[in-house]
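What follows is a single structure, written as structure tokens, with notes after it.
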Amino acid sequence: MSFYVIQPYIMKVSDEELKKINQCKINNNWSLAETIRNNLLIGGVMENRDGLLDNLTILTRSETRIYNHQVKFEYSIEMENRIKYFQEKTGAYKTSIIRNFLKNAKLI
């Protein structure tokens, strides 16, 4: 499915947000990628097909910053088009849109 994947996306998260993501992962017995994917599905920004949220990793950056972890993942062109639609409709940036969907799903 690599032909559906575009450039990687990196979202910065705080320690507290990372704990919430890991707790959701444990509670639902999901992988990290499934946790992010399923919570983006709730908001309607991610389509429901396997393999479209790939290579998710959490990188630790700095202990001195609030958002000291990075969640890195790749996603499909369809998701990019949905995000662009929301950008045009709301004027918000990609990061804000993705974070808002995850906040609305109560993941972060």
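A quick note: this is a predicted structure, and the numbers were derived from the prediction, not measured.
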Kindly indicate whether the side chain of [X], heavy atoms from C-beta on, has any atom under 4.5 Å from the side chain of [Y].
X	Y	value
Asn22	Leu32	yes
Leu102	Glu17	no
Ile98	Tyr9	yes
Met11	Arg99	yes
Lys94	Gln87	yes

Does any donor atom in the side chain of Tyr75 or Glu80 lie under 3.5 Å from an acceptor atom in the other side chain? yes

Rounded to the nearest 0.5 Å, how far does [atom2] of [Y] lie from [atom1] of [X]?
X	Y	atom1	atom2	result
His69	Ile21	NE2	CD1	9.5 Å
Ile10	Lys72	CD1	NZ	6.0 Å
Lys106	Ile108	NZ	CD1	12.0 Å
Lys84	Ile77	NZ	CD1	9.0 Å

The side chain to side chain contact (heavy atoms under 4.5 Å, CB included) partners of Asn28 (sequence neighbours excluded) come to Cys24, Trp30

Taking only residues two or more places apart in sequence, or in another chain, which ones meet Lys20 in a side chain to side chain contact (heavy atoms under 4.5 Å, CB included)? Glu16

Can Tyr85 be reached from Tyr93 by stepping across I, L, V, M, F, W or Y side chains whose heavy atoms are under 4.5 Å apart? no

Can you tell me if Ser96 uses its side chain to pair, donor with acceptor, with the backbone of Ala92 under 3.5 Å? no

So for atom CG, which belongs to Asn29, do other residues, nucleotides or ligands contribute more than 12 heavy atoms lying within a distance under 6.0 Å? no

